[in-house]
Amino acid sequence: MIWPPSRYRARDERPCAGASARTAVIVVHGQSNAANYGSARYTAREAVDNFDPATGKCFAAVDPLLGTDGLGGSFATRLGDILIQTGRYDRVILVPLAKGSSSLSFLNNEGAHLTTNGISKLKAAGMTPTHILFQQGETDARLTTTTEEYASLLHQLVKRFRAAGFHAPFYLSRSTKCGNAEPKNMAAVRAGQLAAVDEASLNVRLGPDTDTIGNEGRSPDGCHMNEAGTLANAALWAAFIR
């Protein structure tokens, strides 16, 4: 897919203020499959906005979403439309923080600014997340991250949000598939994702199993989502948003 030379398409600025009980403020964190690496771009049809963690402003949600490093499509843009079209919310504000190829260790160390800056900008705008979606694991499945390390690192990340006073449910996907061959460390990471679930203390909840999206929903690399896979990913997440 060849994208236009400009990194982002023109988009309309919208006021961030005016959130109500019928507004979902959804943080989208993780790595490439949460970071605009889908092969098909999408423009939201409903009242779906994109909070830009660089500027602290809100814009109409248009792929590629502001806040991540990919130039393609995002499941989150489609998810926003689904949540409004099914009557669960009147408005959805997406807060992308994900970055391609990120391990959990990276997100807690060199890449910690993705989380801390996002938190700072949200607080400055007077916005509080209602949901935090975390789709990550493919990189760790290629490394030697143990089950115990994964769960510990995930809790470390969650505690950054909790320390800031953001107590929204943190939904953790089971994501390890990247490539046409099974990653060598898939079993340990999937076990770590289960072990990290902690509803009582940290409000970490189990999210969708995105590994169920097979190669028919992926680009030729067997990792990133094509148009069908991106929509399937959005539908999987929609089942967990209340």
Side-chain angles (χ1 to χ4, degrees), residues 8-30 33-36 38 40-68 72-98 115 118-135 161-162 164-173 199 203-208 210 225 227-242:
Y8 294 112
R9 294 188 286 170
R11 60 198 70 211
D12 297 328
E13 185 175 350
R14 291 177 173 171
C16 293
S20 69
R22 295 279 298 168
T23 300
V25 179
I26 303 177
V27 171
V28 182
H29 209 342
N33 280 320
N36 296 335
R41 288 174 170 178
Y42 179 81
T43 297
R45 298 178 173 87
E46 309 295 340
V48 183
D49 295 338
N50 174 191
F51 179 83
D52 176 18
T55 63
K57 297 179 179 180
C58 290
F59 300 87
V62 175
D63 287 339
L65 294 176
L66 300 167
T68 69
S74 173
F75 78 84
T77 318
R78 294 158 172 81
L79 172 63
D81 271 358
I82 292 172
L83 295 177
I84 294 172
Q85 290 165 358
T86 55
R88 276 173 273 182
Y89 291 95
D90 294 334
R91 182 186 181 193
V92 173
I93 302 175
L94 303 171
V95 186
L97 304 179
T115 302
I119 289 171
S120 175
K121 289 299 200 303
L122 283 168
K123 291 178 80 71
M127 296 172 60
T128 301
T130 58
H131 307 78
I132 303 170
L133 313 186
F134 190 72
Q135 184 165 331
F161 289 99
R162 303 313 184 219
F166 292 166
H167 300 290
F170 188 106
Y171 290 96
L172 172 63
S173 73
E199 294 193 28
N203 201 9
V204 177
R205 307 182 186 186
L206 191 62
T210 67
M225 306 294 178
E227 186 166 11
T230 303
L231 182 58
N233 198 12
L236 286 173
W237 275 111
F240 290 85
I241 308 299
R242 296 290 180 264

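- At distances below 3.5 Å, not a single donor-acceptor pair connects side-chain atoms of R88 with backbone N or O atoms of I84.
- Of all heavy-atom pairs between R14 and D49, the closest is NH1-OD1, 2.6 Å.
- Between the R11 side chain and the V62 main chain, a donor and an acceptor come within less than 3.5 Å of each other.
- Residue K121 comes nearest to F51 through the heavy atom pair O-CZ, 3.6 Å, listed as atom of the first residue, atom of the second, then distance.
- Using a distance-only test at 3.5 Å, with no hydrogens or angles considered, no donor-acceptor pair links the side chain of N50 to the main chain of L65.
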Check your understanding: Would L79 and V92 satisfy side-chain contact (heavy atoms from CB on, under 4.5 Å), going step by step from the backbone distance to the final call?
Key -> CA-CA 9 Å; L79 172 63; V92 173; over 6 Å; no
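- Under the salt bridge (charged side-chain N to carboxylate O under 4.0 Å, His left out) criterion, the residue pairs touching residues 18-30 are R22-D90, with sequence neighbours excluded.
- Side chain of D63 to main chain of R41: no donor-acceptor pair is present (N/O by atom type, distance under 3.5 Å, no hydrogens or angles).
- Between A34 and A98 the shortest heavy-atom distance is O-CB, 3.4 Å.
- Aromatic ring pairs are classed by plane angle as parallel below 30°, tilted from 30° to 60° and perpendicular above 60°; the pair Y171 and H131 is parallel.
- The shortest heavy-atom contact between P129 and A168 is O-CB, 3.3 Å.
- The minimum heavy-atom distance between P53 and G118, with the atom names listed, is CB-CA, 4.4 Å.
- Remark: the backbone N or O of V25 is paired with a side-chain donor or acceptor of T130 at under 3.5 angstrom.
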**Study point:** Step-by-step side-chain contact (heavy atoms from CB on, under 4.5 Å) determination, D81 to Y42
**Key:** CA-CA 11 Å; D81 271 358; Y42 179 81; 2.5 Å; yes
Exercise for review: Apply the test side-chain contact (heavy atoms from CB on, under 4.5 Å) to residues L66 and T55: give CA-CA distance (whole Å), side-chain angles for both, the deciding distance (0.1 Å), then the verdict.
Suggested key: CA-CA 10 Å; L66 300 167; T55 63; over 6 Å; no
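- Between F75 and W237, the ring planes are parallel. Angles under 30° get that label, and only those over 60° would be called perpendicular.
- Using a distance-only test at 3.5 Å, with no hydrogens or angles considered, no donor-acceptor pair links the side chain of D12 to the main chain of A60.
- At least one donor-acceptor pair under 3.5 Å links the side chain of Y89 to the backbone N or O of R242.
- For the residue pair T68 and N36, a side-chain donor N or O sits within less than 3.5 Å of a side-chain acceptor on the partner.
- Contact record, V28 with A76: CG2-CB, 3.9 Å, taken as the closest heavy-atom pair.
- Within a 6.0 Å sphere centred on CD of E46, other residues, nucleotides and ligands contribute more than 12 heavy atoms.
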